[in-house]
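Here is the structure we will look at, set down as structure tokens.
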Number of protein chains: 2
Amino acid sequence: MAEAKFQLFDDDLQELAQLFKALGHPARLQILKFLASKNACFTGDITEELPLGRTTVNQHLNELKKANLIQGSVQGVKTNYCVNVSEIRKLEALGKDFFDGLNTIECTDC
Amino acid sequence: MAEAKFQLFDDDLQELAQLFKALGHPARLQILKFLASKNACFTGDITEELPLGRTTVNQHLNELKKANLIQGSVQGVKTNYCVNVSEIRKLEALGKDFFDGLNTIECTDC
DNA sequence: AATAATTGACGTATTTTTACGTCAAAATTA
DNA sequence: TAATTTTGACGTAAAAATACGTCAATTATT
């Protein structure tokens, strides 16, 4: 990670791809689902729900945090994670725009 | 890739994650966009639109094909690619279900 | 104060992704 | 028929993702 690097791709595509990528692992989808169902919870609780070790789960939590899809706040020894609702909404909107932008008429040549 | 491997994750999450992953690269989003705008087109034409070499683009096309998001039909020497509209619709539906499933109430603890 | 619990940082091995060059096959064109 | 075009297969190097063990710091508990 350094000084911006002349963009190969359009900013919007880049951002959307980044978000999709963050969703591109079942563990991360499951984490989002679980966090939403509990509204918020601790690392340990999340780990118990997943078929992965704690440090791996922590790594996935970091991925989600990097993508701004979740937030965490320290509470004593524990860390309380929760879904970043506004970012989820933003992602939904961007996704919708993208799919709508594909003026997908069924192709007859293929 | 071998003999099915006892599932670590839920099938639905697995499938959705796979689709999101396929969208998790700007080149692939751009390809989908371009294919949709032209309705269908050849490998060469796609390559000209992207800041990547032909073989790399071809690899991305294969990723998209593997995810069933595009189809290709050989036409002489050329191959005609187009968006798989029904799979895109399916992805939209799965995505919507997933996001709706996150009964996202703004968290007050974070 | 001593011990236990919880977490993130760090290191690391393995696998996957990404990007591209080379090559051969098939179809077009000259 | 010979040369050209177009493509996918294959190999490969570099980077990133994935999974996990160990460790130290911080907070709770006893």
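Numbers restart at 1 for each chain; the letters A, B, ... are given by sequence-line order, proteins then strands.
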Without decimals, in angstroms, what is the distance between [X] [atom1] and [N] [atom2]?
| X | N | atom1 | atom2 | result |
| --- | --- | --- | --- | --- |
| B:F42 | D:dT6 | CZ | P | 10 Å |
| A:N80 | D:dT27 | CG | C1' | 16 Å |
| B:I31 | C:dA19 | CD1 | C1' | 13 Å |
| A:H25 | D:dA16 | NE2 | P | 18 Å |
| B:Q30 | C:dA19 | CD | C1' | 16 Å |

Query raised in the report: Between the side chains of A:S86 and A:N84, is a donor N or O closer than 3.5 angstrom to an acceptor N or O?
Result: yes
Has [X] got a side-chain N or O lying under 4.0 Å from the OP1 or OP2 atom of [N]?
| X | N | answer |
| --- | --- | --- |
| A:K21 | C:dT17 | no |
| A:Y81 | C:dG8 | yes |
| B:T79 | D:dT6 | no |

Query raised in the report: So B:F9 and A:Q30, side-chain contact (heavy atoms from CB on, under 4.5 Å) or not? Walk me through it.
Result: CA-CA 9 Å; B:F9 293 99; A:Q30 199 177 330; 3.1 Å; yes
Report task. Starting from the 5' end of DNA chain D, give me the residue, A:G24 or A:Q75, whose nearest nucleotide shows up first. Result -> A:G24
Requested in this report: With DNA chain D as reference, determine whether A:V77 or A:Q18 sits nearer its 5' end, using the nearest nucleotide of each.
Outcome: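 Its nucleotide being nearer the 5' end, the pick is A:Q18.
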Query raised in the report: Would you call B:K90-B:E15 a salt bridge at under 4.0 Å N-O?
Result: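 Yes.
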Requested in this report: Select base, sugar-phosphate, or nothing to describe what B:K65 touches, counting heavy atoms under 4.0 Å on all strands.
Outcome: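 The answer is nothing, as B:K65 stays clear of every strand by at least 4.0 Å.
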Query raised in the report: If you look at every heavy atom in A:Q7 and A:D11, which pair is closest and at what distance?
Result: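 Of all heavy-atom pairs spanning A:Q7 and A:D11, the closest is NE2-OD1, 3.1 Å.
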Query - Shared hydrophobic cluster, A:F34 / A:L32 (ILVMFWY, side-chain heavy atoms < 4.5 Å) - result: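 Both belong to a single hydrophobic cluster.
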Report task. Taking A:N80 for its side chain and A:Q75 for its backbone only, find out whether a donor-acceptor pair lies under 3.5 Å. Result -> no
Requested in this report: Going by the side-chain contact (heavy atoms from CB on, under 4.5 Å) test, name the single residue among A:V83, A:I31, A:L35, A:I88 that passes it with A:L69.
Outcome: A:I88
Report summary line: Expected list for residues 49-63 of chain B near DNA chain C, using heavy atoms below 4.0 Å, is B:L52, B:G53, B:T55, B:T56, B:Q59, B:H60
Requested in this report: From the options C:dT18, C:dT7, D:dG8, select the nucleotide whose nearest atom is closest to the side chain of A:T43.
Outcome: C:dT7
